[in-house]
Protein chains: 2
Amino acid sequence: MPPKRKSTTDEEDDEYRRKRDRNNQAVKRSRVKSKMKTEETQQRVNDLRLKNQLLEDKIDNQKKELKFLKELFITQAQAKADKLVGINLNELLQDDDNDDNDEDEGEPSKKRAKEQSKGEGSSKSRSRR
Amino acid sequence: MPPKRKSTTDEEDDEYRRKRDRNNQAVKRSRVKSKMKTEETQQRVNDLRLKNQLLEDKIDNQKKELKFLKELFITQAQAKADKLVGINLNELLQDDDNDDNDEDEGEPSKKRAKEQSKGEGSSKSRSRR
DNA sequence: TCAAATTGCGCAATGC
DNA sequence: AGCATTGCGCAATTTG
């Protein structure tokens, strides 16, 4: 009596094995993928933190610049009030090279005019009678 | 024939089982922990992205404010300068590009005005004959 | 040296 | 039918 269909069991086993192997491969792929995603996410956190820091720095600089400009405005308004006394704008505006990066967080009124009125009395030659 | 020491094998088995169970528990804890950490990291990415957006918005607002103030200031100073002396304030204030890195994407407002006419004719004073 | 924690791996159930 | 994902247990290794 020859076995009628041994193939049933054997092939089933074979198929099972192959299937298992393939699944094991799939599992491996899936886990590698998962791990990569995790690491990538972690990296993203680092990048975002750095970017965040840069943005905050920029905000700080802009804030300083705004402060400077506002104070400059106040100063100017003050000058307008003092106009009658003879103050001139040179004192307030001649050296604006400080407007560049930072270093302008101080009050602008400190930068005293260098009296660069080359000709003579810059005060509009009022002495001319 | 009394069993000499069945305890050896049996207890070893018992011990093995207990050990396995404890490890299984540990594995479970470890995996829960790991998963939580992953989710937390992902959440951190979301938080950072939101924060980042807020910061960028803030930078944008500040930038607009700066632009406004500078233009206002230039206008005002220009007028005043024309009136009092003739100093060309463009020279002093025109460069509002000192922002930082990627500055204004807006129109550059044609920064030039290198015509520092200090030699003589301030725009006024000619009518006086 | 030991016990808990972590990690790689395979199995099976389940999702798609 | 078949790959992908996930929970679980085993065993080796790491950690404290």
Side-chain angles (χ1 to χ4, degrees), chain A residues 1-64 101-102 105, chain B residues 1-65 99-106:
Chain A
M1 278 162 169
K4 219 154 26 170
R5 274 291 141 188
K6 60 182 288 184
S7 52
T8 304
T9 300
D10 280 5
E11 283 185 11
E12 271 176 4
D13 287 359
D14 276 9
E15 184 49 32
Y16 168 76
R17 245 303 97 227
R18 275 196 294 275
K19 193 169 181 175
R20 283 300 330 132
D21 288 346
R22 267 179 294 146
N23 177 251
N24 289 340
Q25 290 302 95
V27 167
K28 242 178 243 182
R29 284 193 296 273
S30 182
R31 284 175 177 156
V32 166
K33 189 176 173 181
S34 172
K35 183 183 263 182
M36 283 198 352
K37 205 176 64 182
T38 294
E39 290 170 359
E40 186 213 1
T41 302
Q42 184 56 56
Q43 185 54 48
R44 208 129 90 78
V45 167
N46 296 336
D47 291 351
L48 282 172
R49 289 213 301 176
L50 176 60
K51 195 171 196 169
N52 237 331
Q53 188 54 57
L54 294 180
L55 290 177
E56 299 213 353
D57 289 351
K58 187 163 186 174
I59 285 178
D60 244 39
N61 283 335
Q62 285 185 332
K63 187 181 265 179
K64 287 176 182 173
N101 304 336
D102 30 90
E105 77 277 352
Chain B
M1 289 150 160
K4 222 173 5 184
R5 267 297 150 198
K6 59 183 287 183
S7 52
T8 304
T9 300
D10 280 6
E11 283 183 10
E12 272 176 4
D13 286 359
D14 276 8
E15 183 48 32
Y16 167 77
R17 245 301 101 222
R18 275 195 295 274
K19 195 169 181 176
R20 281 299 332 131
D21 288 346
R22 265 178 295 151
N23 177 252
N24 289 341
Q25 290 301 87
V27 167
K28 240 177 250 184
R29 284 192 297 272
S30 182
R31 284 173 177 156
V32 166
K33 189 176 173 182
S34 172
K35 183 182 263 181
M36 283 198 353
K37 205 175 64 180
T38 293
E39 289 171 358
E40 185 211 2
T41 302
Q42 184 56 56
Q43 186 54 48
R44 207 129 91 80
V45 167
N46 296 337
D47 290 352
L48 282 172
R49 289 212 302 177
L50 176 61
K51 195 172 197 170
N52 236 323
Q53 188 54 59
L54 294 180
L55 290 178
E56 302 230 15
D57 289 351
K58 186 164 187 174
I59 284 178
D60 248 36
N61 285 334
Q62 285 185 333
K63 188 176 278 182
K64 285 177 185 169
E65 205 180 340
D99 211 283
D100 217 56
N101 13 346
D102 57 35
E103 62 264 57
D104 46 46
E105 67 284 343

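A note on names: the letters A, B, ... follow the listed sequences, proteins ahead of strands, and every chain is numbered from 1.
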**OP:** Quick one, give me the B/S/- string for nucleotides 2-8 of chain C, reading 5' to 3', where B means a protein heavy atom under 4.0 Å from the base and S means that only happens at the primed atoms, P, OP1 or OP2.
**Re:** -SSBBBB
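A straight line from CE of A:Met36 to P of D:dA4 spans 14 Å, rounded to a whole angstrom. Nucleotide C:dA12 holds its P atom 10 Å from the CG atom of A:Asn24, rounded to whole Å. Taking atom CD of residue B:Glu39 and atom C1' of nucleotide D:dT6, one finds them 13 Å apart after rounding to whole Å.
For the side-chain contact (heavy atoms from CB on, under 4.5 Å) test, residues two or more places apart in sequence or in another chain that qualify with A:Ile59 are B:Leu55, B:Lys58, B:Ile59, B:Gln62. In this structure B:Glu65 satisfies the salt bridge (charged side-chain N to carboxylate O under 4.0 Å, His left out) test together with A:Lys70, sequence neighbours excluded. By the salt bridge (charged side-chain N to carboxylate O under 4.0 Å, His left out) test, A:Asp21 is found to be paired with A:Arg17, residues two or more places apart in sequence or in another chain being considered. Scanning for side-chain hydrogen bond (donor to acceptor under 3.5 Å, both in side chains) contacts around A:Asp14 gives an empty result, with sequence neighbours left out.
Sorted by first then second residue, the side chain to side chain donor-acceptor pair (under 3.5 Å) pairs that include residues 29-46 of chain A, not counting sequence neighbours, are A:Gln43-A:Asp47.
We find that B:Glu56 and B:Lys63 are not joined by a salt bridge, their nearest charged nitrogen and carboxylate oxygen being 4.0 Å or further apart.
Under 4.0 angstrom from either OP1 or OP2 of C:dC9 there lies no side-chain N or O belonging to A:Arg20. B:Tyr16 has a side-chain polar atom (N or O) that falls below the 4.0 Å cut-off from OP1 or OP2 of D:dA11.
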